[in-house]
Amino acid sequence: MTDFSALLQPDRGQPARLLHVVHPDAYDGWLATQPARARVAATVARVTGKAGDRAILPGDDAADWAALLVCDEEPSSPWRIASLGEALPEGTYRLAGEVPLGAAGLGWLLAQHRFARYRKPEPVRPRVLLTPVVGAIDETVRVAAATARVRDLVDTGASDLGPAELEAEADALARAHGATVTVTRGDALAAGYPMIHAVGQAATRERAPRLIELLWGDPAHPRVALVGKGVCFDSGGLDIKPSAGMRLMKKDMGGAAHALALAGLVMQARLKVRLHVLIPAVENAISGSAFRPGDVLQTRIGLTVENTNTDAEGRLILGDALARAAEESPALLIDFATLTGAARVALGPDLPATFVQNEALAAELLGAAEAVRDPLWRLPLWSGYDEMLKSDVADLVNAPDGGFAGAITAALFLRRFVPATLPWAHLDTFAWRPTAKPARPRGGEAYGLRAAYALLKARFG
């Protein structure tokens, strides 16, 4: 893991190169105030004042130089100077003028993170950013580390990250913060969490299904439950995916990665909550013991589910986990899940489809998302589509025919396992970035993590 704490340091007036970050509308005026050598360097670098233009500006001698970035990002954007964090040589830097650092330190840190588990280590070239806002350093470092945790877990191949390894991640997190972990598996899982057992029963013994629960904090504090979908690989089951659809299915535990990373942030900040994390961890594999289309599954709450598609397995394991979380009557329940392709078709990769059954919570969560520039997009829990979940032989189906409103019907399925009075938010997140951007490489990604953390801090900090 990258040592982010070394890359963001208090500004005590130590030597550092300047970073000039200039808005396109202000570029001409700014350039007119610069010495001739800087104006020449900008011209040679073909800087015209367009957003994204960059140049190195010479100083009084060869070793004295500064960097210029023309940027239309607001100071509140985490990605404002991310491109400089990636491109500049090793050294120490500070923003020029009186421009506050704002949230940009996060992008600076993440620009220097690399997932290197399967590659020869590259030489470390630390770019240190100085900030006068000393009180924000620790929090920025923690959020960067949590984001990197999500990325690293999602990027890890399924051969190295199965249910047992997710359990080990929870154990390590618990040891670091004095939490406890309980794991339900085998006959106890089959009896108490029949849908989790059914989805994972085809896997090998080493990759057997389980429910991982982490508990932390003062029992007198409000209980907050975080549930993360932990399908460590999704073949689709007997309704097998095509090869193109299976290519990225190591990321189907992205919800679990989000829940674990958020739990780490909550415990590091010592928020005044009784934290309950639940990770249903399975592999949706194919063997003679795989669950089948047409099987009628029992559930933890007594409903029966006609399995109409073994590739709609995430909502099954989440149903049992949500039911377990709801038994403790939490003050707040949030789940993260790489649940539906329909959400990606509707909103693309950057916007998690967000479903909230409490209006006050919805406003709070969306406001937090906007404040930290971690966007969410609310979709409706449209009760008119509940009839799509009807079954001829059971209480409901897991995957309606026709494909209409796929993200909504999946959320409506989950709603059957959450009491109507319980404040609950469901984030259908992609957990993957298909196209690289500064500080956001192609691969595993945290979407909605910072928004949820901002909500929890505001409410329980």
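Sequence positions, counted from 1, serve as the residue numbers for this chain. From a predicted model like this one, the values you see are computed outputs, not experimental measurements.
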Visitor: Give every residue pair that meets the ring pair (Phe, Tyr, Trp, His ring centres under 6.0 Å) criterion with at least one member in residues 325-381, sequence neighbours excluded.
Guide: His258-Phe336, Phe355-His426
Visitor: Check side-chain hydrogen bond (donor to acceptor under 3.5 Å, both in side chains) between Asp160 and all other residues, then give those that pass, not counting sequence neighbours.
Guide: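 Asp160 satisfies side-chain hydrogen bond (donor to acceptor under 3.5 Å, both in side chains) with Tyr118 only.
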Visitor: Taking ring pair (Phe, Tyr, Trp, His ring centres under 6.0 Å) as the cut-off, I'd like each qualifying pair that reaches into residues 268-324, sequence neighbours left out, listed once.
Guide: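 Of all non-adjacent pairs touching residues 268-324, none passes ring pair (Phe, Tyr, Trp, His ring centres under 6.0 Å).
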Visitor: Please step through salt bridge (charged side-chain N to carboxylate O under 4.0 Å, His left out) for the pair Lys390 and Glu387, ending with a clear verdict.
Guide: CA-CA 5 Å; Lys390 289 181 179 178; Glu387 64 182 16; 5.1 Å; no
Visitor: For Asp350, run the salt bridge (Lys or Arg N to Asp or Glu O under 4.0 Å) check against Arg440, Arg344, Arg433 and tell me which one passes.
Guide: Arg433
Visitor: Who are the side chain to side chain contact (heavy atoms under 4.5 Å, CB included) partners of Pro89, not counting sequence neighbours?
Guide: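 Pro89 satisfies side chain to side chain contact (heavy atoms under 4.5 Å, CB included) with Trp65, Tyr93 once adjacent residues are dropped.
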Visitor: List the steps and the verdict of salt bridge (charged side-chain N to carboxylate O under 4.0 Å, His left out) for Glu445 and Arg151.
Guide: CA-CA 5 Å; Glu445 184 60 289; Arg151 293 178 178 182; 2.9 Å; yes
Visitor: Hey, could you give me each pair passing salt bridge (Lys or Arg N to Asp or Glu O under 4.0 Å) that has a residue in residues 284-295? Not counting sequence neighbours.
Guide: Arg292-Asp295
Visitor: Could you point out which residue of Arg114, Arg117, His113 forms a side-chain hydrogen bond (donor to acceptor under 3.5 Å, both in side chains) with Asp152?
Guide: His113
Visitor: Could you go through residues 360-376 and list every donor-acceptor pair under 3.5 Å that involves a side-chain atom there, pairing it with any protein atom two or more places apart or in another chain?
Guide:
unit_1: Glu364; atom_1: OE1; unit_2: Arg459; atom_2: NH2; d: 2.6
unit_1: Glu364; atom_1: OE2; unit_2: Arg459; atom_2: NE; d: 3.3
unit_1: Arg373; atom_1: NH1; unit_2: Ser76; atom_2: OG; d: 3.2
unit_1: Asp374; atom_1: OD1; unit_2: Gly448; atom_2: N; d: 3.3
unit_1: Asp374; atom_1: OD2; unit_2: Gly448; atom_2: N; d: 3.2
unit_1: Asp374; atom_1: OD2; unit_2: Leu449; atom_2: N; d: 3.3
unit_1: Asp374; atom_1: OD2; unit_2: Arg450; atom_2: N; d: 2.9
unit_1: Asp374; atom_1: OD2; unit_2: Ala451; atom_2: N; d: 2.9

Visitor: Please find the pair of heavy atoms, one from Ala452 and one from Ile334, that lie closest to each other, and give the distance.
Guide: CB-CD1, 4.5 Å
Visitor: Do Leu271 and Val224 have side-chain heavy atoms sitting under 4.5 Å apart?
Guide: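 Side-chain contact under 4.5 Å: no.
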Visitor: Sequence neighbours excluded and cut-off under 3.5 Å, please list the side-chain donor-acceptor pairs for residues 392-403, or say none.
Guide:
unit_1: Asp395; atom_1: OD2; unit_2: Thr304; atom_2: N; d: 2.8
unit_1: Asp395; atom_1: OD2; unit_2: Thr304; atom_2: OG1; d: 3.2
unit_1: Asn398; atom_1: OD1; unit_2: Thr308; atom_2: N; d: 2.8
unit_1: Asn398; atom_1: OD1; unit_2: Thr308; atom_2: OG1; d: 3.0
unit_1: Asn398; atom_1: ND2; unit_2: Asn307; atom_2: OD1; d: 3.0
unit_1: Asn398; atom_1: ND2; unit_2: Asn309; atom_2: O; d: 3.1
unit_1: Asn398; atom_1: ND2; unit_2: Ala312; atom_2: O; d: 3.2

Visitor: State, to 0.1 Å, how close Val154 and Ala257 come at their nearest heavy-atom pair, and which atoms those are.
Guide: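 Minimum heavy-atom separation between Val154 and Ala257: CG2-CB, 4.2 Å.
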Visitor: Name the atoms and distances for all side-chain donor-acceptor pairs under 3.5 Å in residues 168-191, with sequence neighbours left out.
Guide:
unit_1: Glu169; atom_1: OE1; unit_2: Arg149; atom_2: NH1; d: 3.3
unit_1: Arg185; atom_1: NH2; unit_2: Glu167; atom_2: OE1; d: 2.6
unit_1: Arg185; atom_1: NH2; unit_2: Glu167; atom_2: OE2; d: 3.2

Visitor: Quick one: list whatever passes side chain to side chain contact (heavy atoms under 4.5 Å, CB included) with Thr204, sequence neighbours left out.
Guide: Glu206, Arg207
Visitor: Would you check, one step at a time, whether the test salt bridge (charged side-chain N to carboxylate O under 4.0 Å, His left out) holds for Arg274 with Glu328?
Guide: CA-CA 11 Å; Arg274 179 65 162 169; Glu328 305 295 338; over 6 Å; no
Visitor: Would you please test Trp424 and Leu381 for side chain to side chain contact (heavy atoms under 4.5 Å, CB included) and show each step?
Guide: CA-CA 12 Å; Trp424 163 59; Leu381 285 162; 4.2 Å; yes
Visitor: Go through the steps for Val273 and Leu332 under the test side chain to side chain contact (heavy atoms under 4.5 Å, CB included), then give the verdict.
Guide: CA-CA 10 Å; Val273 300; Leu332 177 62; over 6 Å; no
Visitor: Output every pair passing salt bridge (Lys or Arg N to Asp or Glu O under 4.0 Å) with a member in residues 191-203, not counting sequence neighbours, ordered by first then second residue.
Guide: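 Counting only pairs at least two positions apart or across chains, no salt bridge (Lys or Arg N to Asp or Glu O under 4.0 Å) contact touches residues 191-203.
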Visitor: Please say which of Thr429, Asp252, Asp335, Asp234 ends up in a side-chain hydrogen bond (donor to acceptor under 3.5 Å, both in side chains) with Lys229.
Guide: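 Looking at Thr429, Asp252, Asp335, Asp234, the match for Lys229 under the side-chain hydrogen bond (donor to acceptor under 3.5 Å, both in side chains) is Asp252.
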Visitor: What I'd like to find out is whether the side chain of Ile81 reaches to under 4.5 Å of the side chain of Cys71, using heavy atoms alone.
Guide: no
Visitor: Would Ile137 and Val141 count as a side chain to side chain contact (heavy atoms under 4.5 Å, CB included) if you check the C-alpha gap in whole Å, the side-chain angles of each, and the deciding distance to 0.1 Å?
Guide: CA-CA 6 Å; Ile137 292 176; Val141 167; 4.3 Å; yes
Visitor: Please test Leu110 against Trp79 for side chain to side chain contact (heavy atoms under 4.5 Å, CB included), starting from the C-alpha separation and ending with a verdict.
Guide: CA-CA 9 Å; Leu110 289 172; Trp79 318 118; 4.0 Å; yes
Visitor: Strictly by side-chain hydrogen bond (donor to acceptor under 3.5 Å, both in side chains), give each pair with a member in residues 403-421 just once, sequence neighbours left out.
Guide: Ser383-Arg415, Asp386-Arg415
Visitor: Who pairs with Phe460 by ring pair (Phe, Tyr, Trp, His ring centres under 6.0 Å), at least two apart in sequence or on another chain?
Guide: none
